[in-house]
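Here the structure comes first, spelled out in structure tokens, and everything after it is commentary.
So you know, we letter chains A, B, ... as the sequences are listed, proteins then strands, and number each from 1.
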There are 2 protein chains.
Amino acid sequence: MTQKIPDLYQVKEKMYVATDCIIFGFDSGKLKLLLFKRLVEPLKGRWSLIGSFVRLDEDIDVAGKRVLKEITGLDNVFMQQLKTYGKKDRDPGYRCISVAQYALISSDEHDEDLINEKKAHWFEIKDLPGLILDHEQMVQDALEQLRNNARYKPIGFELLPEKFTLPQLQSLYEAIYQVKLDSRNFRKKVLSLNVLEKLDEKDKSASKRGAFLYKFDYNNYNKLRESGYHFVIA
Amino acid sequence: MTQKIPDLYQVKEKMYVATDCIIFGFDSGKLKLLLFKRLVEPLKGRWSLIGSFVRLDEDIDVAGKRVLKEITGLDNVFMQQLKTYGKKDRDPGYRCISVAQYALISSDEHDEDLINEKKAHWFEIKDLPGLILDHEQMVQDALEQLRNNARYKPIGFELLPEKFTLPQLQSLYEAIYQVKLDSRNFRKKVLSLNVLEKLDEKDKSASKRGAFLYKFDYNNYNKLRESGYHFVIA
DNA sequence: ACAAAAGTGTTGAAAATACACCCATGT
DNA sequence: ACATGGGTGTATTTTCAACACTTTTGT
């Protein structure tokens, strides 16, 4: 039989490649999502994720960071690729695939003026408006991945400021998983992991007594990982 | 201040979009990967994953299935998107991003002639040759995801024939995680999940006594999932 | 003095681990 | 009869889950 070079090596068609950002924040005990009112046709005026085409000379993850910077003013944000959406008819205009990436930002940090200017709005996760195209699917998938990952990696910490209190951390996990946790068991479990460093300061913004602040200890976390341990909160 | 529509809505450049397939198999107690000797320049003769450009009128996941079919002759294979590789210089020739997908196939099924014809070869996971471009990274990432997923979802079963024995299943998990498991504890745990249906047949290919065959029970598994259970083996 | 959130221990149940021998069968 | 892999039970340790009161401090 003759050896035919398969067709697949030859078909070379180009497509539009975009990235969309699912931006999670945490504020007042609520898990939130940053959404945008589209300023341009088509679908002008509808809520959507923020996205951009990826430039020819730009890494995809860099494109995500660029978008995030343009919107929030933030650099150095935790961002992770979620999934690529590539149904041939997902965008009615032209063939465009989208690499969705999700970001976790601590909501005390972003630039509010910038967000207002871009007609963006923080929505509670339980109360999202309808979104264009496959953006609702993206959000569902991102939530699922966030929940999976927050169980075994400390990415939940990315949603908090550098220094945070245990009640804040607990409330974050409660918001992510939509459950109520017992504070005694929660503290026991978290502290037993030895990945939190207790500081000598207190945060008094949430109570008169004040709660001790902690920092996440990446060194200890990495040691823990290497020894094959699984990080399970909640 | 004037509201400027951000640049990002306007840059529209097209790129090549490819998909690469990480094909896992399980055979003789070893976890294996199907690799290909490249038939075309550039990098002709080097080992690589098998891939293809995605066609303009083709969903990305469909492209993956097409590639898999061309190589193994198999339809209806478990396949899952891994990650999109989009560094701007990942391919030296032109800007090309690749959506990596991984497949799990039960090694008794594929078409050997087809594989020979395509100059493909099954490599043990512990003994892989060097690969082109970022394909080694893809394989590492796929392994990590396989290990993560096999812990909480029954995807390990995809690597076995429809009917399999408990010693086979145990050996599969041992191959995935590179550990030795205690057969009593393993059986206890797996059977306690109630997702296996014991058949009245035995497989005598591995021992004189023969081992009972089991089938995976998707109904019970789905019930289990809905009740929020986490599937943890090993 | 009181309201409001922070912090703290114990007990019982359940799950995970460690561990060694008999069984069935083909040769 | 023996070699080979299949199959089984129990005791110990560890982890998880349930549960309520005292402390601190600003008003």
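Note: Phe24(B) and Tyr102(B) have perpendicular aromatic rings, judged against thresholds of 30 and 60 degrees for the angle between ring planes.
Heavy-atom distances under 4.0 Å link DNA chain D to no residue of residues 161-169 of chain A. Of the residues in residues 200-211 of chain A, those placing a heavy atom less than 4.0 Å from an atom of DNA chain D are Lys204(A), Lys208(A), Arg209(A), in numerical order.
A nucleotide of DNA chain C counts as in contact with chain A when one of its atoms lies under 4.0 Å from a heavy atom; the first and last such, 5' to 3', are dA5(C) to dT10(C). From the 5' end on, the contacts that DNA chain D makes with chain A at under 4.0 Å to a non-hydrogen atom open and close at dA17(D) to dG26(D).
For Gln170(A), the side-chain hydrogen bond (donor to acceptor under 3.5 Å, both in side chains) test picks out Glu174(A), with sequence neighbours left out. With sequence neighbours left out, the side-chain hydrogen bond (donor to acceptor under 3.5 Å, both in side chains) criterion links Ser205(A) to Asp203(A). Checked against salt bridge (Lys or Arg N to Asp or Glu O under 4.0 Å), Asp127(A) has no partners two or more places apart in sequence or in another chain. Residues passing the ring-ring contact (aromatic ring centres under 6.0 Å, His included) test with Phe123(B), sequence neighbours excluded: Trp47(B), His121(B). In terms of the side-chain hydrogen bond (donor to acceptor under 3.5 Å, both in side chains) criterion, Lys208(A) has no residue partners (sequence neighbours excluded). Tyr218(A) pairs by the ring-ring contact (aromatic ring centres under 6.0 Å, His included) definition with Phe216(A), not counting sequence neighbours. Taking Thr84(B) as the reference, Thr84(A) meet the side-chain hydrogen bond (donor to acceptor under 3.5 Å, both in side chains) condition, with sequence neighbours excluded.
For residues 133-145 of chain B, the pairs satisfying side chain to side chain donor-acceptor pair (under 3.5 Å) are Tyr85(B)-Asp141(B), Arg90(B)-Asp134(B), Gln137(B)-Asp141(B), with sequence neighbours left out.
Sparse packing is recorded around NZ of Lys215(A), with 12 or fewer heavy atoms of other residues, nucleotides or ligands lying under 6.0 Å away.
Checked against the 6.0 Å centroid criterion, the rings of Phe78(B) and Phe157(B) do not qualify as a close aromatic pair.
Between Val67(A) and the choices Asp20(A), Ile50(A), Leu49(A), the side-chain contact (heavy atoms from CB on, under 4.5 Å) rule is met once, by Ile50(A).
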